[in-house]
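Below, all heavy atoms of this structure are taken into account, side chains as well, without hydrogens, waters or symmetry copies. Keep in mind that this is a model prediction, so the values were computed, not measured. One is the number of the first residue; the rest follow in order along the sequence.
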Amino acid sequence: MTSRRTPPFGRALCAMITPFTDEGLLDLDGAQRLADRLVSEGCDGLVLSGTTGESPTTTDAEKSALVRAVADAVGDRAAIVAGIGTADTRHTVELALEAEKAGADGLLVVTPYYSRPPQDAVEAHFRAIADASGLPLVLYDIPGRTGTRIEPETMLRLAGHPRIVAVKDCAYDLLGTQKVLARTELAYFTGCDEYVLAMYAIGGAGYISTVANVTPRHFRSILDAFDGGDPDEAVRLQQLTIPLTELMMASGLPGSVTAKALLGALGLPSGPVRAPLRPAGRDAVDGLRAAYAELTAHSDMVGTS
């Protein structure tokens, strides 16, 4: 079996939404309740203030408060990885230091977006953040949103930094991923829910999932089945997720919108999204509920509300 690179965060991570009150304020009590549920149902770690957590529209103070609240709620039961990525190196370093003070166990750092820096500047950006903080870094490669890839050659160089330990991979390039896996000790997490089993089978460390906000136990069961020597069951469990994953991640609505819509429909902490995002319409919510019900009906491994 392919060797695994597992950082301190575990295998099964959820890119957690950021709950808000009906008035649009940060809901720390809701965040603590949701975090406790996710960890109780199989999440090894929680990624806070990623795109799913609406990081573009939360303040620096809200990001720090969220880390503190969730860390208090889960204690040592799960790792807390704080999303700190911005398009500004100096601001990102500031967020890294604040997240460390707030109690994060690791940092998720996305490629600088919009400005589209060349590869030497991308490398310098990540090194500056890794040098500034004592926390391990997860590099977030999602060129479809940032406009800039972390090229495999750049990744190979960055892998030599002692605090750069993992990658959240949304590059949709399994060949490039395998080139880096074969030559480094970087732990690769898929950030694309449809690739959970595929990435794990080629030596990935696990996943950072948006859909796991509503189905944490089911997604973990895919990895458990594979590790237990039952690849056919792992395939079955992965395939069961297709309708819900498609509606949540490929329907034209952002994952933060669909995750909050379904969590709210299930009576779990969520709240509204912040502008410029808009809430899901009734038809979308009905479709999400139907896909969730179908998934839960076909697998006794799925966490329910």
Side-chain angles (χ1 to χ4, degrees), residues 13-27 29-31 33-35 37-38 41-43 46-58 83 142 144-145 170 172 190-198 207-222 236-305:
L13 280 69
C14 177
M16 197 178 100
I17 61 116
T18 300
F20 298 133
T21 66
D22 291 342
E23 295 75 28
L25 302 176
L26 185 63
D27 180 5
D29 177 69
R33 288 186 285 117
L34 179 61
R37 174 184 183 268
L38 291 170
E41 296 197 0
C43 292
L46 303 173
V47 177
L48 308 178
S49 296
T51 309
T52 301
E54 298 178 75
S55 58
T57 54
T58 55
I142 183 166
R145 292 206 180 202
C170 290
Y172 288 97
T190 183
C192 307
D193 292 84
E194 67 272 29
Y195 275 96
V196 166
L197 180 56
Y207 57 77
I208 299 175
S209 167
T210 292
V211 182
N213 276 279
V214 291
T215 58
R217 191 175 298 169
H218 184 90
F219 272 86
R220 186 182 184 96
S221 73
I222 298 170
R236 183 186 78 86
L237 293 167
Q238 175 74 66
Q239 290 179 347
L240 284 174
T241 69
I242 292 172
L244 182 60
T245 295
E246 185 172 22
L247 286 177
M248 287 188 68
M249 306 304 295
S251 65
L253 293 174
S256 51
V257 172
T258 54
K260 280 195 163 182
L262 185 49
L263 286 168
L266 296 172
L268 295 166
S270 56
V273 290
R274 284 182 175 172
L277 297 181
R278 296 173 61 85
R282 175 48 54 190
D283 288 347
V285 174
D286 289 345
L288 290 164
R289 292 195 68 159
Y292 176 84
E294 179 182 359
L295 180 57
T296 57
H298 285 86
S299 173
D300 59 8
M301 297 296 294
V302 179
T304 64
S305 61

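In this structure, the side chain of His218 does not engage the main chain of Thr241 through any donor-acceptor pair within 3.5 Å. Between the side chain of Glu54 and the main chain of Arg274, a donor-acceptor pair closer than 3.5 Å is present. Listed for the Thr258 side chain is a donor-acceptor partner under 3.5 Å among the backbone atoms of Met248. In this structure a side-chain-to-backbone donor-acceptor pair under 3.5 Å is present from Thr21 to Leu25. A donor-acceptor contact shorter than 3.5 Å links the side chain of Thr296 to the backbone of Ala293.
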Exercise for the section: Begin from the C-alpha positions of Asn213 and Lys260 and carry the test side chain to side chain contact (heavy atoms under 4.5 Å, CB included) through to its verdict. Expected result: CA-CA 9 Å; Asn213 276 279; Lys260 280 195 163 182; over 6 Å; no
Practice task
Determine, stepwise, if the pair Leu48 / Thr18 fulfils side chain to side chain contact (heavy atoms under 4.5 Å, CB included).
Solution key: CA-CA 8 Å; Leu48 308 178; Thr18 300; over 6 Å; no
Exercise for the section: Output, in order, the C-alpha distance, side-chain angles, deciding distance and verdict of side chain to side chain contact (heavy atoms under 4.5 Å, CB included) for Ile17 and Leu34. Expected result: CA-CA 9 Å; Ile17 61 116; Leu34 179 61; 3.6 Å; yes
Practice task
Start with the C-alpha distance between Leu262 and Arg289, add both sets of side-chain angles, then the distance that settles side chain to side chain contact (heavy atoms under 4.5 Å, CB included), and finish with yes or no.
Solution key: CA-CA 7 Å; Leu262 185 49; Arg289 292 195 68 159; 4.2 Å; yes
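Atoms CD and CG, from Gln239 and Leu237 in turn, are 9.5 Å apart once rounded to the nearest 0.5 Å. Rounding to the nearest 0.5 Å gives a distance of 7.5 Å between SG of Cys43 and CG of Leu13. In this structure, SG on Cys14 lies 6.5 Å from CG on Leu46, to the nearest 0.5 angstrom.
The two residues Pro276 and Thr57 have their closest heavy-atom pair at CD-CG2, 4.3 Å. The two atoms that bring Thr58 and Phe20 nearest to each other are CG2-CZ, 4.0 Å, heavy atoms only. Taking each heavy atom of Leu247 and Gly287 in turn, the nearest pair found is CD1-O, 3.3 Å. Here the closest heavy-atom approach between residue Tyr207 and residue Pro216 is recorded as OH-O, 4.1 Å. When every heavy atom of Ala280 is checked against every heavy atom of Leu253, the shortest pair comes out as CB-CD1, 4.1 Å. Pairing each heavy atom of Ala259 with each of Val214, the nearest pair is O-CG1, 4.4 Å.
Glu41 and Arg220 are not joined by a salt bridge, as no carboxylate oxygen comes within less than 4.0 angstrom of a charged side-chain nitrogen.
When each of Ile208, Thr190, Ile142 is paired with Cys170, the side chain to side chain contact (heavy atoms under 4.5 Å, CB included) condition holds for Ile142 and for no other.
Between the side chains of Thr245 and Asp193, not a single donor N or O lies within less than 3.5 Å of an accepting N or O. No hydrogens or angles considered: a donor-acceptor pair under 3.5 Å links the side chains of Thr52 and Thr210.
Under the 6.0 Å cut-off for aromatic ring centres, Tyr172 and Tyr195 qualify, their centroids lying closer than that.
Contact check for Met16 versus Val47: no side-chain heavy atoms found under the 4.5 Å cut-off.
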